[in-house]
Amino acid sequence: MSSTPSNKFLPSPKTVAIVGCPFSGGQSKLGVDKAPIHLVQAGLINEVEELGWRVVFDGHHQFEDISTPPDGIQVNGTSDAAVNTALDASIARLRSPLLVAQVCESVASAVQAHAEMGHLPVTLGGDHSLAMGTISGTLRAYDQACVIWIDAHADINTIHSTDSGNIHGMPLSFLLKLNPPAPSPDSVLAKFDWVSHLPAERLVYIGLRDVDRGEKEILKKHSIKAFSMHEVDRYGIGKVVEMALDHVNPQRDRPIHLSFDVDALDPSVAPSTGTPVRGGLTFREGHYICEAIHQTGLLVAFDLMEVNPTLADAESVRQTVTVGCSLVRSALGKSSICRHVCCLRGCPIFLNGDARPRVEHPQGLPTMWIINDAHYLFVTQAKPFCELQVS
């Protein structure tokens, strides 16, 4: 069953642009660059087309022509030795910063181009450093856009607070302009000057449960709204999504960029990812978020990040890829939520909050049901007795 409210920002015919980004340079574990190929090969494009979307997909982006800059790029260009030493030490910890900057800038241009054509870019990562590019591209096309970040991690370490140097844990610090300014045009930090600025009040997290101490200080200092798994447990996912929207989009008039790291899900749901953390979102909670954001009619971009098909057994990989495809479908209108149900034969209907309506046979016989698009056909002893139309 699909549910397709009108989108306030996308023209007709509604079009999705699949932006495949096989990139792993923002972290140290190999394999995350294989995810876009696995997701597409799992049938994602056909599944999106079946929801009524036109799909643009010109193949996965290739980054072979992007290499580290030539000699002469300076780490620092100031004359203050003390500042140089501190900044040099911080930059030295970063993993492939020049490569990450160039790749993400390329992704930003691709996302911007699709958004300006009225497409909804769906970016398939790849590691979450790519969000520097995807969100920058969105902000170039929609300067008032807000970001809903679904993740177990805050990904907001600065060059000074990071311990690992993995830039997939840092994209939001670049987007929020929390790092020191580039000391010269030739410095490493200058290579990130292209990154768009996302105001802190237009960012909200859902699903956090593994946040570094430095990140906690950053969130507090900049009053960044975050709903951890504690809030999800306390309030329920429906209330959390509403509170998140109320914070970043109180008038429900801003475009929404939804960035979803699969490690937000519990490892029992999505085991094949690089940094799994127990106690995450359930299958339904993750899908509810996507469904609810779709229902706003404000979604203009979606990221699916950090699926890693090389980190688990074949069944776990299949499970994670399947869940990834399912999240994309939910963000684009595939819904298991029954809102309007009527029986075409006049039978009584029971809705108990489950994804499937329940119908009792008049004589109490056991029933089974078959779904066909927006219809539930209930049968008993191979004879149909009730047909529900769901919208």
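The analysis underlying the following values was restricted to heavy atoms, covering all of them including side chains, and did not include hydrogens, waters or symmetry mates.
- Between His230 and Phe227, the distance from one ring center to the other does not fall under 6.0 angstrom.
- Between Glu242 and Arg252 there is a salt bridge, since a side-chain N of the basic residue sits under 4.0 Å from a carboxylate O of the acidic one.
- Atom CG of Asp246 sits in a crowded spot, with more than 12 heavy atoms from other residues, nucleotides or ligands closer than 6.0 Å.
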Next on the checklist: If you apply the rule side-chain contact (heavy atoms from CB on, under 4.5 Å), what do you find for Thr138 with Val111, and how did you get there?
Outcome noted: CA-CA 7 Å; Thr138 295; Val111 170; 4.0 Å; yes

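- Closest of all the heavy-atom pairs between Glu116 and Arg140 is OE2-O, 4.3 Å.
- When all heavy atoms of Pro171 and Gly169 are compared, the closest pair comes out as CD-C, 3.6 Å.
- Placement of Phe283 and Leu281 within a single hydrophobic cluster is found when ILVMFWY residues are connected by side-chain heavy-atom separations under 4.5 Å, directly or transitively.
- Between Cys104 and Leu130, the shortest heavy-atom contact is SG-CA, 3.8 Å.
- In this structure, Met170 is not a member of the same hydrophobic cluster as Val277, with clusters built from ILVMFWY side-chain heavy atoms closer than 4.5 Å.
- In the hydrophobic cluster analysis, where Ile, Leu, Val, Met, Phe, Trp and Tyr join through side-chain heavy atoms closer than 4.5 angstrom, Val19 is grouped apart from Trp53.
- Using the six-membered ring where Trp is involved, Phe260 and Phe302 have ring planes that are tilted, between 30° and 60° apart.
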Next on the checklist: What verdict does the side chain to side chain donor-acceptor pair (under 3.5 Å) test give for Ser184 and Asp186, after you've listed the backbone C-alpha separation in whole Å, the side-chain angles of each residue and the deciding distance to 0.1 Å?
Outcome noted: CA-CA 5 Å; Ser184 79; Asp186 291 329; 5.3 Å; no

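- Taking NZ of Lys14 as the reference point, atom OG of Ser6 lies at 10.5 Å (rounded to 0.5 Å).
- Among residues at least two apart or in separate chains, there is no ring-ring contact (aromatic ring centres under 6.0 Å, His included) pair with a member in residues 231-257.
- Put simply, CG on Asn249 and CD on Gln144 are 10.5 Å apart, with the number rounded to the nearest 0.5 Å.
- Residues Leu44 and Val32 do not share a hydrophobic cluster, defined by chaining ILVMFWY side chains whose heavy atoms lie under 4.5 Å apart.
- For Glu201 against Val248, the heavy-atom pair with the smallest separation is O-CG1, 3.8 Å.
- Classification of the Tyr142-Phe9 ring pair by plane angle, with boundaries at 30° and 60°, yields perpendicular.
- Salt bridge present: Arg318 and Glu315 bring a charged side-chain N and a carboxylate O closer than 4.0 Å.
- Sorted by first and then second residue, the ring-ring contact (aromatic ring centres under 6.0 Å, His included) pairs involving residues 31-50 (not counting sequence neighbours) form an empty list.
- Nearest heavy atom pair, residue Gly118 against residue Pro11, reads O-CD, 3.4 Å.
- Here the CD1-CD1 distance, from Ile289 to Ile237, works out to 4.0 Å after rounding to the nearest 0.5 Å.
- Using a 4.0 Å cut-off between a side-chain N of Lys or Arg and a carboxylate O of Asp or Glu, Glu291 and Arg329 do not qualify as a salt bridge.
- Ile256 and Met243 fall within the same hydrophobic cluster, where Ile, Leu, Val, Met, Phe, Trp and Tyr residues are linked whenever their side-chain heavy atoms come under 4.5 Å apart, directly or through other members.
- Considering all non-hydrogen atoms of both residues, Pro36 and Gly126 come closest at CD-N, 4.0 Å.
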